[in-house]
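Order of the sequence lines sets the chain letters (A, B, ...), proteins ahead of strands, with each chain counted from 1.
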Amino acid sequence: MSKSIAPNAPLDLLPKHFDSKTAETRWSEYWEQKEVYNFDFDKPRSSNFCIDTPPPTVSGSLHIGHVFSYVQTDIIARFQRMSGKNVFYPMGWDDNGLPTERRVQSLYHVRCDPALPYDPNLELEIPSAKEKKDRARTISRKNFIELCQRVTLEDEKAFMSLFRRIGLSVDWRLEYATINDHCRRIAQYSFLDLFEKSEVYQVEAPCLWDVDFQTAVAQAELEDRELEGAFHHIQFGVRDSKDQFVIATTRPELLPSCIGVTAHPDDSRYKGLIGKEAISPLFSCPVPIFASDRVDPEKGTGILMVCSFGDQTDVHWWKEQKLVSRQLIGKTGRFEGAAFGEEPFPSLDAETAQNHYDQIAGKNVKQARQKIVELLSQEGTAPVGKGPALTKAPQKINHSVKFYEKGERPLEFISTRQWFVSLLKHKSKMLAQADQINWHPDYMKARYRSWTENLNLDWCISRQRYFGVPIPVWYKLDAQAKPLFEQAILPALDQLPIDPMTDCPPSYSESQRDQPNGFTGEMDVFDTWFTSSMSPQISSHWPLDSKRHERIFPMDLRPQGHEIIRTWAFYTIAKALLHEEKVPWKNIALSGWIVDPHRKKMSKSKGNTITPSSLLDDYGADAIRYWAANARLGADTAYDEKVFKVGRRLVTKLYNASRFVLSQKSIESDHWESLDLSFLCRLKDLVSKTRVELESFNYAQALSEIEKFFWNSFTDTYLELVKLRAKKGDKAASSCVRTLRLSLKILLRLFSVYLPFICEEIWSWEFNKENGRRSIHQMPWPSLANDFKDIPMPSSDSQFELALKLFSAINKHKTGLSLSLMAELDEFELKLSESERAIFQFVLPDLQAATKVKEFKVVPA
RNA sequence: GGGCAGUUAGCUCAGUUGGUAGAGCGCCACCCUUACAAGGUGGAUGUCGGGGGUUCGAGCCCCUCACUGCCCACCA
């Protein structure tokens, strides 16, 4: 604990320098021990301010971006707390999901194989680089999950220690991890509730599929990437005719999956073909030719092949035209076997088709493309004529291709059975919900709107992965032990959380698992957003504790990054709507990004991140917080170490000025000097202004005002003016010493939301004793009613304004003459307006003392 | 292709309802001054992205163009 210092301590008793590192540890422990940030569960909703803290993905990487946005939220939390709110400020860890799986796979060099039995004695060491060159070891799902939990536990500790070090005023009793029992219970209940409301469904249909991770993904997780591709011009024949036409495709390898051909209904070139059947080259497969206004006659050759499935439009045509499916690319991204001449692969020349396809089967997309282009280039492959079906050399183009945001190969549309949440039918409600939320900055709402308006797939929530919350469903098996997916068995609320792979459904016994007429457990887990979209309810314990829920939900503030509006914000709004027809929060604050000097977002994958710990060592937590507080909401910030230096300088100045102020002795008196009151008047304006700014989340503007006041008005002017008077020991001295102390007391509280460590340190020297030894962070925010009561406040700060102006003019004069500011001047001429002359007498004594001017000659301006 | 931001001093950024362009850093000069040399005082630095318009007056309002970043769409 900090050594306690008597009021009006001589300067030399106060430590000369501020040791930020020891102060950070000391005060973090103090706040924890004194429960300074604890939420009071007994208070009514109206007195609470609830924050839906983003649970960071604990994937091992800590970077300066984490510090940036979390500090911004902390400033708002601290302000609300000092404004009298009972602040609910939890911290969660988003630990389940792919980032953790990937980390475990690479750290331990393992892969999960759900078919393997659990090995309770598995001991894994972190392998050497040499061992990592061998094939990865396969382990059971349960062993794999245990490894994930081991890794995330370590990561969570590192995150927690960073967050404590930067002084987040989190109530750590409210900590959660999205894989823990409580979160699994809430996520699974969410599913049960949606199931009951018929807002979830399962369907076997073409879904977005990542062939590397071998899982379905949702529309929100897509990313377009610009890739080099090529238009391949391929000749098709027409059945019972000598006609031919040429399609253009970037995916020639899908030729064996061709299920149709389409052109625009108004395209005169192809009008005559509509309704006929096209014959594909190599496979001689007859497919219908139909018209569609989705075809752009300008693009390619204006006629194209529909495959199962090249893209979402193919899926659309497949459904619309009731085409057959000729899915050939399997879940691993390789072409599966097919028998040509049999349904669904008819062929007018089955033998040749099979011969061609045998050269494709087993290949991945890239290899298959190469092979098929090679085949199409052979003479005689054209359905009409004797040339190659590939009518000309491929034309290179750049086009955007859909990827899973974490994936490395383009997504495929693959038909699989997946669970979905209905969203498309709620679009208009989803848009209306957004209008009930205040967006900061306001223009960010447009991103939510455009995403919602353009949404074209329901939310695929099932993932074929391992480290996640299991979908709480079992299925009945028929007499052949085939699952009856439409006969889902759901657990009761009080059974949750469950794992259908190890838990048994009600009224069944474990011996019936996977047996004829028994049951089978759902293997899939939820999309991680399915759990994190419940973060407000995870905190409010819906539906388990309705009293708590009502006191916390809807929350007051959701802070988050603008890149996850379409995921986290969107899904959270959706869940609150579907579960309770409510909005999850009143406000959403979107923080900007940290960008590198080239204005690129800092991210681990780009390798341009900065680790916070060395910066914290060099500049101290308060200085780092100062940097974060400088950026407005929504605005991206260039990483610039100069700002840390400015922050450190502010901390030092605050420390030194406070040492001076608190070492001044004063006598009992209620006398106030006019100039002192004038200065307080200016401070009063600052107090009102900053409150307004902070209430609307404009922490950066408020800081700039406070800082400006502190440097220009307080340390550079007022303090210099009264420095000598303060030592006199009379009534006038008492007035300025009380003014200094009051100002400091107010300024420290204003700064405390930004610089909690230095402010607590200074507060502990003396002010804490006046208030029953409370932390500065438990003090009320400065207010006109409390801090200025019993002080005869003037109506304006004109006297101080004049003093500031004259003091600066005299300093300028001395500097111009290369004189020390302490140099004496015999005479100085002041040009004053009439109103200035009227108040000059109140400014004169301190001005004279501070400037050492023997005589002022006042002339009219 | 549609949309949202941004473009202000060498750098990073403020600029409230239209009223004589700002801060910090950097640079230069001066000052060892009893809270602070991890300091202080002062100085120089701008066609406010280009063009047009409204207005007595535009960094701010309107139109237009350019560039940067992002969001969304297209994806044969």
Contact list (N/O, under 3.5 angstrom) for nucleotides 13-20 of chain B vs protein:
{"from": "B:rC13", "atom 1": "OP1", "to": "A:Ala638", "atom 2": "N", "distance (Å)": "3.1"}
{"from": "B:rA14", "atom 1": "OP1", "to": "A:Arg632", "atom 2": "NE", "distance (Å)": "2.5"}
{"from": "B:rA14", "atom 1": "OP1", "to": "A:Arg632", "atom 2": "NH2", "distance (Å)": "2.3"}

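- Residue-level contact check: A:Val643 touches neither bases nor backbone, having no heavy atom under 4.0 Å from any strand.
- Salt bridge status for A:Glu720 with A:Lys723: present, with a side-chain N to carboxylate O gap under 4.0 Å.
- Note on A:Glu801 versus A:Arg682: salt bridge recorded, some NZ/NE/NH1/NH2 to OD/OE distance being below 4.0 Å.
- Map A:Leu819 and A:Thr715 each onto its nearest nucleotide of RNA chain B; the residue landing nearer the 5' end is A:Leu819.
- Within 4.0 Å of A:Asp224, counting heavy atoms only, lies at least one base atom of the nucleic acid.
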Base-pair string, RNA chain B, Watson-Crick plus G-U, cut-off 3.5 Å on both distances, | for inter-strand, is (((((((..((((.....[..)))).(((((.......))))).....(((((..]....))))))))))))....
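- When ring centroids are compared, A:Phe309 and A:Trp209 stay outside the 6.0 Å threshold.
- With C1' as the reference atom, B:rC60 and B:rA14 are 14 Å apart, rounded to whole Å.
- Taking 3.5 Å as the limit, the base of B:rC4 and the side chain of A:Ser450 contain no donor-acceptor pair of atoms between them.
- The nucleotide whose nearest atom lies closest to any side-chain atom of A:Lys727 is, among B:rA35, B:rC72, B:rC11, B:rA35.
- For A:Tyr718 and A:Asp676, the side-chain atoms include at least one donor-acceptor pair closer than 3.5 Å.
- Residue side chain A:Glu720 reaches the base of B:rA35 through a donor-acceptor N/O pair under 3.5 Å, judged by distance alone.
- Between A:Phe644 and A:Tyr619, the distance from one ring center to the other falls under 6.0 angstrom.
- Residue-level contact check: A:Lys653 touches the bases, meaning some heavy atom is under 4.0 Å from a base atom.
- Distance check on atom P: B:rG43 versus B:rG52 gives 35 Å, rounded to whole Å.
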